[in-house]
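Written out below as structure tokens is the structure these notes cover.
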Amino acid sequence: MASSSSDNTESSYVKMDTADATLIGKHCQYSYCNQLDFLPFFCQSCKGTFCLDHRTETAHTCANAGEWARRRREAELAKPSAGEGKRMRDLVQQKPCAAQDCKTTVGTSLVPGVHCDRCNRDYCLKHRLGEEHDCKNLTPIGARPAQVDFGREARSALSRLKAWGASRKEAASRALPKPKPSTASQRIVAVNQLKKTAKGDAKLAPEKRVYLFVEAEAETTTAKFPKGQFFFSKDWVVGRLLDSAAKGLQVENVNNSSADEKDKLRVFHIEGGRVLEYNEKVGSALTSGNTVVLLRGVGPAQEDLIKM
């Protein structure tokens, strides 16, 4: 039978051990029952064996009712308390004040420390106020970097884009045949040539197609300004165009898995001089022969990034 020393069970009885191949059952020891049970129950209070109907202390009128509960209670009381054998200094978490250049130790019996819910740090009494520890300029511990001060990162990315975009806007027609088309007829010839080389879904109806030159900035990929010619559906949104273009140029696209704006790709329209919104319709924002560039970390769409 199973050991009766299990103090972690939730009842005062346990089932018999069925792993014993020689076990052929036990008779219930309750008076006038004597039923043969092949899965009997063992009472940890009176050490008797009983059938299913008489397994509880009440059902078999246990001679030592409550004995199992008493032993369990005594075992719990015998466990050492959390702070036993420790000094008060050991029970609190001591750390330096989070304020810069402050050497005060907080978390002691004399200086318990004050927790700031906005920046999620602990300070001494002197620096407990937000104005004293410059709380508004601190990144909260545990917060996602993209939610803290995206404006600073965006301005840095946009300043980089402004210098790059000025030259790229002027050179947006490099993918077109030389000399640079300057008239409507020349552009029609260039678009017709683009239609011969562009790649896309062959099942897409010709009247639904928008033919574009697609490039990727050096910051976006390891290659230097990779280029491609593709066609997309006029009914698509820019977000779907971005996914298809990134796949075509083999550019890493983590837009659906990363919440950090600096990791996300955006579509920059050379002729329009702006970043397109993900939900804009391709047919409304772009026309055949336009050039779009995949940029990373430039932030949400702005009115005119190059003029900023």
Audit row: D122, K95, side-chain contact (heavy atoms from CB on, under 4.5 Å) steps and yes/no: CA-CA 8 Å; D122 296 319; K95 61 177 71 173; 3.0 Å; yes
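- Between the side chain of S45 and the backbone N or O of A65, no donor-acceptor pair lies under 3.5 Å.
- In the displayed structure, E74 atom CD is contacted under 6.0 Å by more than 12 heavy atoms of other residues, nucleotides or ligands.
- Remark: side-chain polar atoms of R71 are paired, donor with acceptor, to backbone N or O of Q44 under 3.5 angstrom.
- With values rounded to the nearest 0.5 angstrom, F42 atom CZ is found 5.5 Å from K47 atom NZ.
- For R128 (side chain) and Y123 (main-chain N/O), no donor-acceptor pair under 3.5 Å exists by modelled atom type.
- The backbone N or O of H127 lies less than 3.5 Å from a partner atom in the side chain of H133, making a donor-acceptor pair.
- The line from NE2 of H60 to SG of C33 is 12.0 Å long, rounded to the nearest 0.5 Å.
- Smallest separation of non-hydrogen atoms from C28 and H54: SG-ND1, 3.8 Å.
- To the nearest 0.5 Å, atom CG of residue L39 and atom SG of residue C51 are 12.0 Å apart.
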Stepwise side-chain contact (heavy atoms from CB on, under 4.5 Å) check, F230 with L212: CA-CA 6 Å; F230 303 94; L212 303 173; 6.0 Å; no
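- In this structure, Q29 CD and C46 SG are separated by 7.5 Å, a value rounded to the nearest 0.5 Å.
- Under the 4.5 Å side-chain heavy-atom criterion for grouping Ile, Leu, Val, Met, Phe, Trp and Tyr, L204 is connected to F213 within one hydrophobic cluster.
- Side-chain contact check for K264 versus Y278: some heavy-atom pair is nearer than 4.5 Å.
- Remark: of the listed residues R274, K234, R266, R274 is the sole one forming a salt bridge (charged side-chain N to carboxylate O under 4.0 Å, His left out) with E280.
- Taking all atoms of both residues into account, the shortest heavy-atom contact from C124 to T104 is CB-CG2, 3.9 Å.
- At a threshold of 4.5 Å between non-hydrogen side-chain atoms, the residues N290 and I270 do not count as touching.
- Residues N120 and H115 have side chains that bring a donor and an acceptor to within less than 3.5 angstrom of each other.
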Derivation of the side-chain contact (heavy atoms from CB on, under 4.5 Å) call for R296 and E252: CA-CA 10 Å; R296 194 185 305 278; E252 183 182 15; 4.2 Å; yes
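- To the nearest 0.5 Å, atoms OG1 (T287) and NE2 (H269) are separated by 6.0 Å.
- Looking only at distances, a side-chain donor or acceptor of N255 sits under 3.5 Å from a matching main-chain atom of L265.
- Closest heavy-atom contact between G228 and L249: N-CD2, 4.0 Å.
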V292/F232 under side-chain contact (heavy atoms from CB on, under 4.5 Å): CA gap, chis, key distance, verdict: CA-CA 12 Å; V292 294; F232 310 94; 5.8 Å; no
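- For the pair V210 and S288, the minimum side-chain heavy-atom distance is below 4.5 Å.
- Proximity of T61 to Y30: side-chain heavy atoms (C-beta onward) are separated by under 4.5 Å at one or more points.
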Less than 3.5 Å apart, which donor and acceptor atoms pair up between the side chains of residues 240-248 and the rest of the protein, not counting sequence neighbours?
unit_1 : atom_1 : unit_2 : atom_2 : d
D243   : OD1    : N253   : ND2    : 2.8

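- Side-chain atoms of E67 and E57, non-hydrogen and from C-beta on, never get closer than 4.5 Å to each other.
- A continuous path of Ile, Leu, Val, Met, Phe, Trp and Tyr side chains, each step under 4.5 Å between heavy atoms, connects V282 with L276, placing both in one hydrophobic cluster.
- Linking ILVMFWY residues whenever their side-chain heavy atoms come closer than 4.5 Å, directly or via other members, leaves L110 and L125 in distinct clusters.
- Applying the salt bridge (charged side-chain N to carboxylate O under 4.0 Å, His left out) test to residues at least two apart or on different chains, none of the pairs has a partner in residues 129-138.
- Using bins of under 30°, 30° to 60° and over 60° for the plane-to-plane angle, the ring pair Y211/F231 lands in the tilted bin.
- Rounding to the nearest 0.5 Å gives a distance of 9.0 Å between CZ of R121 and SG of C116.
- With sequence neighbours excluded, no residue forms a salt bridge (charged side-chain N to carboxylate O under 4.0 Å, His left out) with D53.
- When all heavy atoms are compared, the tightest approach of Q94 to G107 is CG-O, 3.7 Å.
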